[in-house]
Amino acid sequence: MVKPIRKAVFPVAGLGTRFLPATKAMPKEMLTIVDRPVIQYVVDEAKAAGVEHFIFVTGRNKGVIEDHFDIQVELEHTLEQRGKLDTLGILRRDMPKAGHTSFTRQQQPMGLGHAVLCAQELVGDEPFALLLPDMIMKAPRGCLSQMMEVYQQRGGNIVALEEVPEKDTHKYGVVQTGEVRETDYEILGMIEKPAQGHAPSNLILSGRYILQPEIFKYLASQPPGAGNEIQLTDAMIQLKNDQDFSGVKFTGQTFDCGSKSGFLMANVAFGMERGDIAPNVADTIREIVQNYDDRNGIEA
Ligand code: UTP
């Protein structure tokens, strides 16, 4: 029997420089996809996978994330008075149970690995899920749920994988795979941002992890790596010497909402799922694309 995954960590302390000036005073995790903040999609994914406790590693300017997961008494009262019960229902449905969220601060953005280390006291000595809010997954069955299935069979550490064109591998953590099994890949090695042409595969770490608590030991002694940041991948490489890692290639669509194009595409994709706005959006997008093609001499 593997130990259950009860807790999930959400590192939300990055500076979000790619979205400046939007993120000067507002965290990028609160940017909206249609009408829900990015962070809500990731919390929903964790909830659907059975996670009970949500741990946020926040930083400067991130207080609004804490407010988002709290009750707004006046707002709820006003919605009730105005008969906006559907909206009120959505707010209540999204609310985590009392006492089931924790917030801790990463005082300086020293990298993803360091942000995860900041959650050590709150996670304690048990395996946990780690979800990067940058990556939004769209699928009938969430990415973490798909990973949980493999975890039930194999235990150990599980990472989500995604295929990218070979020319892009240098931007990501890349894995070296061994045996290809029915549900997952054996992971033989990992490397963070390999030099161009030196990646061991085109399968990248795509922002979802199930990790054993021994990862903290390696994070605590990790010197800064790529980009002068404490890298999670470097600590996982060390943990790999002691424990098994399996990789799950997620079935669904992934949007890198840390990039402007990924964020825009996520808005279109999720917007098109909404019956109330989809027809309008589709018509306008067709027109915009047609104008773009005409201007650039692109034939359909
Ligand atoms: P990114 O690499 O996207 O960094 O972090 P960033 O600073 O947020 O964004 P840019 O590159 O400046 O635009 C991936 C995830 O790790 C978190 C981020 O909040 C994001 O969810 N992170 C990163 C931290 O919590 N702390 C850090 O020191 C770095």
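We count ligands from 1, going down the list as the structure has it; atoms in each ligand are counted the same way.
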**Study point:** Contact residues of ligand 1 (heavy atom under 4.0 Å), by chain and number
**Key:** Pro11, Val12, Ala13, Gly14, Leu15, Gly16, Thr17, Arg18, Lys28, Glu29, Gln106, Pro109, Met110, Gly111, Leu112, Ala115, Pro133, Asp134
Practice item. State whether the number of non-hydrogen atoms from other residues, nucleotides or ligands found under 6.0 Å of Glu121 atom CD is greater than 12. Key: no
Review point. Should Arg36 and Asp94 be marked as a side chain to side chain contact (heavy atoms under 4.5 Å, CB included) after you check the CA-CA gap, both sets of side-chain angles, and the distance that decides it?
Key: CA-CA 10 Å; Arg36 299 165 75 70; Asp94 289 347; 3.0 Å; yes
Practice item. Please indicate whether Asn241 has more than 12 foreign heavy atoms, meaning atoms of other residues, nucleotides or ligands, lying under 6.0 Å from its CG. Key: yes
Check your understanding: Is Val174 isolated, or which residues cluster with it under the ILVMFWY side-chain rule of less than 4.5 Å, directly or via members?
Key -> Val164, Tyr172, Ile191, Ile204
Exercise for review: Please name the residue in the list Gln222, Lys217, Glu214 that meets the side chain to side chain donor-acceptor pair (under 3.5 Å) test with Gln238.
Suggested key: Gln222
Check your understanding: Is it true that atom NE2 of His77 has more than 12 heavy atoms of other residues, nucleotides or ligands lying nearer than 6.0 Å?
Key -> no
